[in-house]
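Let me begin by presenting the structure, written as structure tokens, before commenting on it.
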Protein chains: 2
Amino acid sequence: MGIIRKTKSLKRVLDTFQKSDAAISVVQLIDNMKHHMNKTTVYRILDRLKQEGIVHSFHGKDGLKWYAKCSDHSSHQNTDTHPHFHCNHCGAVECLPIDIQIPDIPNLQISSAEVILAGICSKCNP
Amino acid sequence: MGIIRKTKSLKRVLDTFQKSDAAISVVQLIDNMKHHMNKTTVYRILDRLKQEGIVHSFHGKDGLKWYAKCSDHSSHQNTDTHPHFHCNHCGAVECLPIDIQIPDIPNLQISSAEVILAGICSKCNP
DNA sequence: AAATTTAATGCAACTAAATTGCATTAGCAA
DNA sequence: TTGCTAATGCAATTTAGTTGCATTAAATTT
């Protein structure tokens, strides 16, 4: 399993993630790629990239699915609990390289966390 | 504006929230109510209950919309940042009465946070 | 308690995200 | 260059959520 063939489509999507640290929504990516590949292909490429630990996914504050590349050091950023920040002004979403401290809750075994923060990013906040 | 009429449908939905602290997904609620009202009505009643500060909404780890009643003391639980816990075993979702500490990030103005935790709840974890 | 007003509902049609089945295409190894 | 099959394109489908409009039923007034 995993990525077996380096197709043009795959390279094109991969390029998007390698050129920028920013997260991108599936909807946006499909639109960006619409002249080059089918939306089904985008979905399937994202699945493969995720399986390979190259990107991770999360749900934005609107419930839509977003993807971002995993940071270089941890190739399994899908399992850790770094938060995602959504700028309410420009719409950009970025991974924050910090760890949110989840307090121990009695009687609960917490194994994962998804944290979506929203506000104004540095570019929009002079 | 707000809730003006106490209709049978509204009372029925309200009952669901008053009988239990558990959160419920819209999809589940529509199914529970399917013999009593239309799905459009469920959506609209949830909107009204939210406007009134009786319930709050959030997106579950699957991206679906969930609702839960606001705790009695704070009638604006929609604005605070309590986390929601999703049991991977039984599927139940509950509000956690704690505050997650979001660290200050340089250059970011954070105005809201949505925290979804997942793991095993007390009932499923003997 | 009948008449009136309009919030609330039901229903069908619609939008948009995501998935599936299947025929076709194109990596890549032999 | 050939053969295998992963990957793709495309159309159809599923599902969450929304919208417009005619009808119904709370609540208010007479």
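Below, read A as the first sequence line, B as the second, and so on, with proteins coming before strands; counting in each chain starts at 1. What you are looking at is a predicted structure, and each value in this text was computed from that prediction instead of being measured. Just so it is clear, the values below take in all heavy atoms, side chains as well, and ignore hydrogens, waters and symmetry mates.
- Pairing each heavy atom of K6(A) with each of K11(A), the nearest pair is O-CE, 3.5 Å.
- With respect to the salt-bridge test (charged N to carboxylate O, under 4.0 angstrom), the residues D31(B) and K34(B) qualify.
- For the pair K39(A) (side chain) and I30(A) (backbone), a donor-acceptor distance under 3.5 Å is absent.
- Here the C1' atom of nucleotide dA16(D) and the CG atom of D62(A) are 13 Å apart, to the nearest Å.
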Under 4.0 Å protein heavy-atom contact, by nucleotide of nucleotides 16-29 of chain C - B base, S sugar-phosphate only: -SBBBB----BBS-
side-chain contact (heavy atoms from CB on, under 4.5 Å) assessment of L108(A) paired with L96(B): CA-CA 10 Å; L108(A) 291 187; L96(B) 297 185; 3.7 Å; yes
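- One finds no salt bridge joining R12(B) and D15(B) here, because no Lys/Arg side-chain nitrogen approaches an Asp/Glu carboxylate oxygen to under 4.0 Å.
- For the segment residues 84-91 of chain B, no residue has any heavy atom less than 4.0 angstrom from an atom of DNA chain D.
- S111(B) contributes a side-chain N or O that, together with a main-chain N or O of A118(A), makes up a donor-acceptor pair within less than 3.5 Å.
- Going from atom CZ of R12(A) over to atom P of dG9(D) covers 11 Å, rounded to whole Å.
- Side chain to side chain, N32(B) and Q28(B) meet the donor-acceptor criterion of an N or O pair below 3.5 Å.
- Distance N38(B) CG to dA12(C) P: 9 Å, rounded to the nearest Å.
- Taking atom CZ on R48(B) and atom C1' on dA26(D), their separation rounds to 11 Å, with Å as the unit.
- With rounding to whole Å, I45(B) atom CD1 is found 14 Å from dA25(D) atom P.
- Taking atom NZ of residue K11(A) and atom P of nucleotide dT8(D), one finds them 12 Å apart after rounding to whole Å.
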Side-chain donor/acceptor pairs under 3.5 Å, residues 58-65 of chain B, sequence neighbours excluded:
unit_1: H59(B); atom_1: ND1; unit_2: G63(B); atom_2: O; d: 3.3
unit_1: H59(B); atom_1: NE2; unit_2: K61(A); atom_2: O; d: 3.2
unit_1: K61(B); atom_1: NZ; unit_2: N88(B); atom_2: OD1; d: 2.6
unit_1: D62(B); atom_1: OD1; unit_2: L64(B); atom_2: N; d: 3.2

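- Taking atom CG of residue L46(B) and atom P of nucleotide dT9(C), one finds them 11 Å apart after rounding to whole Å.
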